[in-house]
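Report on one structure; see the data block that follows.
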Amino acid sequence: MLIRGSITEVEIIDLNHTGQGVAKIDNFVVFVSVAITGDVVEIEITETKKNYAVGQIINIVKPSEFRIKSPCEHYEQCGGCQLMHMDYNKQLKYKKNRVINELNRADVKFEESVVEDTIGMKDPYRYRNKTAFSVTEKNNEILIGPYEQGTYNTVDISSCMLQSKEADDVVKAFKNLMIKYDIKAYDKNTRQGVVRNIVIRNNRRNELMLIIVTTAEKFQNKDDLVAEITSLVPSIKTVVQNINDKYTNLILGRKNITIYGEGTITDTIDDLIFTISPETFFQINPVQTEKLYQKAIQYADIGKDDICFDIYCGIGTISLMAAKKAKKVYGVEIVEQSIINARENAKKNNINNIEFFAGKAEIIVPKLYKQNIKADIVIVDPPRKGCEKEVIDTIINMSPKKVVYVSCNPSTLARDIKLLENSGYKLKKTQPVDQFPWTVHVETVILLRRLDA
Ligand code: SAH
């Protein structure tokens with residue numbers, strides 16, 4: 001029986017899905033944060049539960065050969081990344097193994113050789129095209145940054161290695177200007193103050209959109225702030241003020257006011273152009289998204305007579321790529337605004353053989369099937385919880401020759417693949433893609449083919 005507060009030496013034998021190291025003491029599992037396979041560490045037991053315990057490193061006795069010094073000084077405090085102490089190539093292997101383990105756990109029948117090595121980034125830094133930071137005040141100092149692991153306390157950061165250099169510049173300049181003009185940060189407890197958050201979005205040409213989230217429309221020296229920040233960081237092409245006067249942890253409120261530039265920026269995926277406004281959903285790492293979706297399109301191998309479904313289509317990225325090859329594409333998505341954007345994107349890119357439906361996939365897809373609309377190829381890209389049972393059942397009834405499954409969660413992916421396997425589909429190809437270097441997240445695209453197709 002492990003006792004809280006006891007100190008012991010363990011070897012880390014594995015990593016769990018949240019990126020914690022796994023050790024065993026007399027066959028009892030202990031999870032250790034910021035530890036990796038191969039580490040020998042002295043830990044203090046900080047929590048004991050029925051089936052596992054949690055330990056904290058107090059001393060690294062022998063570091064794993066894959067352990068590196070974190071390239072970010074804020075790593076251990078910030079809740080954003082989980083694997084910054086691990087060699088990048090090892091991260092890619094860990095992600096591939098996660099996919100294999102989850103498929104095995106769900107008892108999917110496949111040869112390990114069909115699982116490709118994870119597609120990584122050549123330069124796995126500064127890949128994010130969006131960062132949302134909170135702005136608070138503590139002991140008369142302005143803090144700007146992400147939240148601390150597991151809390152709503154702001155970590156004041158000078159630089160984030162995942163966001164663009166220009167975004168770092170914006171954070172610094174914004175803080176200095178708040179100090180210069182004595183602009184108050186919002187305080188959640190007293191509900192006083194003005195600036196709640198800043199959101200920075202950029203495209204691949206490093207053109208920036210700065211969104212300043214405030215409690216009220218008017219605040220002192222607003223015009224000076226905007227004039228100075230846009231001249232200090234000329235990559236800022238537009239500044240939008242977003243008003244959020246609610247008592248909420250949601251970042252954006254309903255009202256946007258463009259105070260500099262056009263209010264939007266554009267970005268590209270493949271050769272398609274997308275308009276991004278403050279509330280538009282857009283993939284966070286467009287470089288890797290492009291690789292992921294190109295793989296999905298390659299797996300789908302769409303012919304000119306094929307009817308395709310893109311279920312959970314967001315702003316229609318995959319749908320538009322598919323439409324360039326297919327006879328017709330049907331896109332389904334629950335968020336109305338995303339469907340509005342998807343339709344605009346189709347128009348902007350002169351794509352007409354496409355129809356978008358706003359609503360729950362579990363309602364819309366069975367409805368389309370009842371209207372005798374059938375897909376030759378189905379592409380799904382669901383959220384973490386995977387596909388609803390009704391969606392899988394309808395796909396099975398529709399009986400497309402191929403299903404391409406894009407997933408951000410290998411465990412629900414494996415569950416759904418097993419259901420399709422039980423109904424006459426075979427897993428043919430699997431490609432993990434690293435969309436979020438330094439974090440535990442892994443994206444996967446899988447090709448399933450109908451056995452008789
Ligand atoms: N393929 C999209 C993004 C997929 S992310 C793109 O490239 O942009 C998953 C999407 O599923 C999100 O846009 C989310 O809003 C949507 N979603 C979540 N639950 C849904 C449901 N029940 N029915 C339809 N769409 C849903």
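First listed ligand is number 1; within each ligand, the first listed atom is number 1. Just so you know, these numbers come straight off a predicted model, no measurement behind them.
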If you count heavy atoms of other groups shown closer than 6.0 angstrom to [atom1] of [X], is the number above 12?
X      : atom1 : result
Lys429 : NZ    : no
Glu390 : CD    : yes
Lys69  : NZ    : no

Legend entry - Residue pair Lys93 / Met86, side-chain heavy-atom distance below 4.5 Å: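 With C-beta onward as the side chain, the pair stays apart.
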Inset, instruction - Taking the side chain as every heavy atom from C-beta outward, state whether Val406 and Glu443 have any atom pair closer than 4.5 Å. - result: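 Answer yes - side chains close enough.
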Output the list of atoms in ligand 1 that are nearer than 4.0 Å to some heavy atom of [X], sorted by atom number.
X      : value
Gly359 : 23 (N), 24 (C)
Glu362 : 21 (C), 22 (N), 23 (N)
Pro383 : 9 (C), 11 (O), 18 (C), 19 (N)
Gln283 : 3 (C), 6 (C), 7 (O), 8 (O)
Val335 : 15 (O)
Lys360 : 23 (N)
Ala361 : 21 (C), 23 (N), 24 (C)
Phe281 : 3 (C), 8 (O)

Inset, instruction - Give, for atom CD1 of Ile12 and atom OG of Ser64, the distance between the pair rounded to the nearest 0.5 Å. - result: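 Nearest 0.5 Å value for the CD1-OG distance: 10.0 Å.
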Donor-acceptor under 3.5 Å ([X] side chain, [Y] main chain):
X      : Y      : value
Asp156 : Ile144 : yes
Arg201 : Pro278 : yes
Asn16  : Gln20  : yes

Legend entry - Part of Cys408 within contact of ligand 1 (heavy atoms, under 4.0 Å):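 The answer is neither.
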Inset, instruction - Assess Tyr293 for proximity to ligand 1: is some non-hydrogen atom of it under 4.0 Å away? - result: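 A heavy atom of Tyr293 does come that close to ligand 1.
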Inset, instruction - State if Ser338 counts as touching ligand 1 under the rule of any non-hydrogen atom under 4.0 Å. - result: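 Under 4.0 Å: no for Ser338.
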Do me a favour and list the nearest non-hydrogen protein atom to [atom] with residue, atom name and distance?
atom                    : answer
atom 16 (C) of ligand 1 : Glu333 OE1, 3.2 Å
atom 17 (N) of ligand 1 : Ile334 CG2, 3.5 Å
atom 11 (O) of ligand 1 : Tyr312 CB, 3.4 Å
atom 2 (C) of ligand 1  : Cys313 O, 3.4 Å
atom 5 (S) of ligand 1  : Asp381 O, 3.8 Å

Legend entry - Heteroatom distance test (Pro382, ligand 1): nitrogen or oxygen, under 3.5 angstrom: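 Min N/O separation from ligand 1 is not below 3.5 Å for Pro382.
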Legend entry - Residue from Lys325, Lys295, Lys324 passing salt bridge (Lys or Arg N to Asp or Glu O under 4.0 Å) with Asp270: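 With Asp270 as partner, salt bridge (Lys or Arg N to Asp or Glu O under 4.0 Å) holds for just one option, Lys324.
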Inset, instruction - Output every pair passing ring-ring contact (aromatic ring centres under 6.0 Å, His included) with a member in residues 244-280, not counting sequence neighbours, ordered by first then second residue. - result: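 ring-ring contact (aromatic ring centres under 6.0 Å, His included) check on residues 244-280 returns Phe274-Phe282.
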